[in-house]
Amino acid sequence: MDQLKIVALIGTPVHLNYFVNRIAQDHQLALVIRENSRSNLLKKIMEKGILKSVSIIARHFMQRHKIRAGYERVLGDQWQEMNSHIPLQTVEDINSPEVVALLNELQPDLVIVQGTTLIRNKTLQGIPLVLNLHWGLSPYYKGSNCTEWAMINKDINNIGFTIHKISSKIDGGDIVTQGRPEIEVSDTANSINMKLTRGGAAAMSQVITHIKKELPLVFATQDTSQGQLYLTKHWSSQQVKALKKAEEAMQKLIEASGAKKPIITMKD
């Protein structure tokens, strides 16, 4: 299956360039479709309220230098731009008719996903395999801000990434592989998440290699009785303050974290 046709669906954040660039080191991408969610900024402001939105934007700009320093520390210079040889299409909505038409035209064998908004089943209808890279160890941590929640929960040992099939349940599809990063005292939630992208992209490339070699992929069904689903609406200024305290006490967090829960790893 050397001619595997792969399409990547990614979100807006610039660090997702690394995910695509890393995959493209080993495999040809037929197309990258990037969701430019900034174009829906007004809608998001209306949903969150003006005061809360202004607070979030102001905090982001104040931390921008620190965030980008975290990108460079972990990802080097491979996050700044997408390699020019990779075909790119930018869209406003990952579930738009435009995306459906592109996928219908290309007929990919595999779609890989990181960082988009929720993708509807009908958008991916007819695609043989769709794999998502999730910042969190499912089923223990599903949804948004999973690294941050694990830090607040003093559960550093259960921070990691999951590669799973996309399903109707948020981050609840069958798992092919997972991994944990090496966490250091100097880490922040941002730098840890960059480690998840780095490790997750390498693992995704390994999965693709398995498919090309026609080696069997073994998927594990998630135990939905375990873990927690964290939604964006659960994250507030209270959690932001708690996360700041957690980042200031990384040594204690590392020492106090509980046992590592079982995860799925892919066999060579």
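One-based numbering along the sequence shown. Just so you know, these numbers use all the heavy atoms, side chains as well, and skip hydrogens, waters and symmetry mates.
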- Message: When you compare the side chain of I33 with that of I94, does any pair of heavy atoms fall below 4.5 Å?
- Response: yes
- Under 3.5 Å, side chain of H27 to main-chain N/O of S205, donor-acceptor pair present? yes
- No-hydrogen, no-angle side-chain donor-acceptor test under 3.5 Å, S144 and W149: no
- Are any side-chain N or O atoms of N36 and backbone N or O atoms of T90, one a donor and one an acceptor, separated by less than 3.5 Å? no
- Item | Check: H210 main-chain N/O paired with K213 side-chain donor or acceptor under 3.5 Å | no
- Following the transitive rule for hydrophobic clusters with a side-chain heavy-atom cut-off under 4.5 Å over Ile, Leu, Val, Met, Phe, Trp and Tyr, establish whether V113 and L106 coincide in one cluster. yes
- Could you walk me through whether V32 and M82 pass the side-chain contact (heavy atoms from CB on, under 4.5 Å) test, one step at a time? CA-CA 10 Å; V32 174; M82 192 179 300; 4.0 Å; yes
- Applying the 4.5 Å side-chain criterion to the ILVMFWY set and letting contacts propagate, would L102 and I166 be lumped into a single cluster? yes
- Pairwise distance CG(L229) to OG1(T224) - rounded to 0.5 angstrom: 11.5 Å
- Besides I175, the hydrophobic cluster formed by Ile, Leu, Val, Met, Phe, Trp and Tyr side chains linked at under 4.5 Å, directly or via other members, contains I264
- Task: Among residues two or more places apart or on two chains, list those pairs meeting salt bridge (Lys or Arg N to Asp or Glu O under 4.0 Å) that have a residue in residues 176-190.
- Result: R73-E184, R73-D187, E184-K195, D187-K195
- Item | From OG1 (T162) to CD1 (I263), nearest 0.5 Å | 8.0 Å
- Query: Are the side chain of Y140 and the backbone of P262 linked by a donor-acceptor contact shorter than 3.5 Å?
  - Reply: yes
- Would you mind telling me which of D171, I159, I192, L196 makes a side-chain contact (heavy atoms from CB on, under 4.5 Å) with W135? L196
- M266 side, atom CE; L217 side, atom CG - distance, nearest 0.5 Å: 7.0 Å
- Query: Distance-only, no hydrogens or angles: does the E247 side chain make a donor-acceptor pair with backbone N or O of A189 under 3.5 Å?
  - Reply: yes
- Task: Give the minimum heavy-atom separation between L29 and P87, together with the two atoms involved.
- Result: O-CD, 3.7 Å
Counting only pairs under 3.5 Å, give me each side-chain donor-acceptor contact of residues 118-133, with atom names and distances, residues two or more places apart or in other chains.
unit_1	atom_1	unit_2	atom_2	d
T123	OG1	N95	OD1	2.8
N132	ND2	H164	NE2	3.1

- Any V218 side-chain heavy atom under 4.5 Å of V176 side chain: no
- Message: Keeping Q178 on the side-chain end and S138 on the backbone end, is there a donor-acceptor pair under 3.5 Å?
- Response: yes
- Item | Q238 atom CD: more than 12 heavy-atom contacts under 6.0 Å | no
- Rounded to the nearest 0.5 Å, what separation is found between the CG atom of N145 and the CH2 atom of W235? 5.0 Å
- Item | Nearest-0.5 Å distance that lies between atom OG1 in T147 and atom CE in M151 | 8.5 Å
- Message: Would you say Q28 and Q3 are linked by a side-chain donor-acceptor pair, where the criterion is simply a distance under 3.5 Å?
- Response: no
- Does one side chain, of R22 or N17, offer a donor that lies under 3.5 Å from an acceptor on the other? no
- Message: If we ignore hydrogens and angles and just use 3.5 Å, is the side chain of N158 paired with the main-chain N or O of A259 as donor and acceptor?
- Response: yes
- Task: Examine V14 and L75 and state if one hydrophobic cluster contains both, with Ile, Leu, Val, Met, Phe, Trp and Tyr joined whenever side-chain heavy atoms are less than 4.5 Å apart.
- Result: yes
- Message: Is there a path of hydrophobic side-chain contacts, each under 4.5 Å between heavy atoms of I/L/V/M/F/W/Y residues, joining I211 to V20?
- Response: yes
- Message: Pairing donors with acceptors under 3.5 angstrom, does anything connect the side chains of D223 and Q226?
- Response: yes
- Task: Evaluate the criterion side-chain contact (heavy atoms from CB on, under 4.5 Å) for residue pair V240 and L243; output intermediate values, then yes/no.
- Result: CA-CA 5 Å; V240 171; L243 176 62; 5.8 Å; no
- Message: Hydrophobic clustering (ILVMFWY, side-chain heavy atoms < 4.5 Å, transitive) - are F219 and L4 grouped together?
- Response: yes
- Message: Can you confirm whether R68 sits close enough to W79 that some side-chain heavy atom of one is under 4.5 Å from a side-chain heavy atom of the other?
- Response: yes
- Task: Decide yes or no for K169 and Q222: does some side-chain heavy atom of the first lie under 4.5 Å from some side-chain heavy atom of the second?
- Result: no
- Is there a donor-acceptor contact under 3.5 Å linking the side chains of Q239 and S236? yes
- Message: I'd like to know if the side chain of T117 pairs up with that of E35 as donor and acceptor (distance under 3.5 Å, no hydrogens or angles considered).
- Response: yes
- Message: So does P13 get a backbone contact from the side chain of R34, meaning a donor-acceptor N/O pair under 3.5 Å?
- Response: yes
- Task: Begin with the C-alpha distance, continue with both residues' side-chain angles, and end with the deciding distance and a verdict on side-chain contact (heavy atoms from CB on, under 4.5 Å) for E255 and Q251.
- Result: CA-CA 6 Å; E255 292 172 355; Q251 182 66 54; 2.9 Å; yes
- Note on the structure: Value for CD (E92) from OG1 (T12), rounded to nearest 0.5 Å, stands at 10.5 Å
- Determine whether Y230 and K142 make a side-chain contact, defined as any pair of heavy atoms from C-beta on separated by less than 4.5 Å. no
- For residues G173 and S167, report the shortest heavy-atom separation together with the two atoms involved. N-OG, 3.4 Å
- Item | Flag, side chain of Q114 to backbone of F19, donor-acceptor distance under 3.5 Å | no
- Pair N193-N190, side-chain donor/acceptor within less than 3.5 Å: no
- Query: Hey, is NZ on K261 packed in by over 12 heavy atoms from elsewhere, all under 6.0 Å?
  - Reply: yes
- Should I86 and N21 be marked as a side-chain contact (heavy atoms from CB on, under 4.5 Å) after you check the CA-CA gap, both sets of side-chain angles, and the distance that decides it? CA-CA 8 Å; I86 301 173; N21 289 338; 3.7 Å; yes
- Message: Using a 3.5 Å distance criterion without hydrogens, assess whether the side chain of S257 forms a donor-acceptor pair with backbone atoms of I254.
- Response: no
